[in-house]
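None of these values were measured; they are calculated from a predicted model. Numbers for residues simply follow the sequence, beginning at 1.
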Amino acid sequence: QVHLVESGGGSVQAGDSLRLSCVASGDPRNRYCMAWFRQAPGKEREAVADADSVKGRFIISHDNIKHTLSLQMNSLKPEDSAMYYCAGRIADPKTPCGRHLPSLFPYWGQGTQVTVSS
């Protein structure tokens with residue numbers, strides 16, 4: 001069982017920066033894979049790390065000992081507007097943490113809204 005809590009979202013202007021954080025609470029004996037996803041209305045949920053549109057602007061950092069995940073978002077654009085979710089799963093050597101198919105993650109936070117105005 002894992003409880004995930006995101007924070008840091010808000011409404012900003014294009015070009016601004018935001019830093020999102022996720023803290024996972026679970027069995028301290030386990031190791032976890034964690035990932036950021038985002039979903040805008042009418043669009044599929046996508047892994048932030050796999051989105052070509054964020055390359056060079058977003059930085060993800062993961063501490064799998066402290067069970068924390070951060071997302072530094074720079075030079076935000078209106079198309080970045082979405083609900084951002086933190087997701088987690090117990091680490092499995094057969095499934096590398098770099099695999100970001102949403103169905104692989106049984107644990108999800110409630111999300112934090114990011115709105116970027118032009």
Notebook entry, point to check: Please walk me through it: do Tyr85 and Cys22 pass side chain to side chain contact (heavy atoms under 4.5 Å, CB included)?
Noted result: CA-CA 9 Å; Tyr85 297 93; Cys22 172; over 6 Å; no
With [X] via side chain to side chain contact (heavy atoms under 4.5 Å, CB included) - residues at least two apart:
X: Ser75; value: Arg57
X: Phe105; value: Ala35, Phe37, Ala87, Arg89, His100, Trp108
X: Asp27; value: Arg29, Asn30, Tyr32

Next item on the list: Indicate yes or no: does Lys77 engage Asp80 in a salt bridge with an N to O separation below 4.0 Å.
Entry: no
Checklist line | Residue Arg45 excluded, over 12 heavy atoms near CZ under 6.0 Å | finding: yes
Let me confirm one number: the [atom1]-[atom2] distance from [X] to [Y], rounded to the nearest 0.5 Å.
X: Leu69; Y: Ser61; atom1: CG; atom2: OG; answer: 6.5 Å
X: Asp63; Y: Ser70; atom1: CG; atom2: OG; answer: 9.0 Å
X: Ser11; Y: Leu18; atom1: OG; atom2: CG; answer: 9.0 Å
X: Met73; Y: Asp16; atom1: CE; atom2: CG; answer: 11.0 Å

Notebook entry, point to check: Under 3.5 Å, is there a donor-acceptor pair between the Ser17 and Asn74 side chains?
Noted result: yes
Under 3.5 Å, side chain of [X] to main-chain N/O of [Y], donor-acceptor pair present?
X: Asp50; Y: Ala47; result: no
X: Glu6; Y: Cys86; result: yes
X: Thr95; Y: Asp92; result: no

Heavy-atom side-chain contact between [X] and [Y] under 4.5 Å:
X: Leu4; Y: Met34; value: yes
X: Arg38; Y: Leu20; value: no
X: Arg19; Y: Leu71; value: no
X: Tyr84; Y: Gln39; value: no

Notebook entry, point to check: Any idea which heavy atoms bring Pro106 and Gly88 closest together, and the distance?
Noted result: CD-O, 3.4 Å
Check: Would a hydrophobic clustering, with Ile, Leu, Val, Met, Phe, Trp and Tyr connected at side-chain separations under 4.5 Å, put Val23 with Val48?
Finding: no
Please table the atom pairs, donor to acceptor, closer than 3.5 Å between any side-chain atom in residues 111-118 and protein atoms at least two apart or in another chain.
unit_1	atom_1	unit_2	atom_2	d
Thr112	OG1	Gly9	N	3.1
Gln113	NE2	Ala82	O	3.3

Item checked: Residue list, salt bridge (charged side-chain N to carboxylate O under 4.0 Å, His left out) with Lys43, at least two apart or on another chain -> none
Next item on the list: Could you list all the disulfide (SG to SG under 2.5 Å) pairs where at least one residue sits in residues 89-118, not counting sequence neighbours?
Entry: Cys33-Cys97
Next item on the list: Would you check, one step at a time, whether the test side chain to side chain contact (heavy atoms under 4.5 Å, CB included) holds for Arg31 with Ile90?
Entry: CA-CA 6 Å; Arg31 295 184 182 276; Ile90 297 174; over 6 Å; no
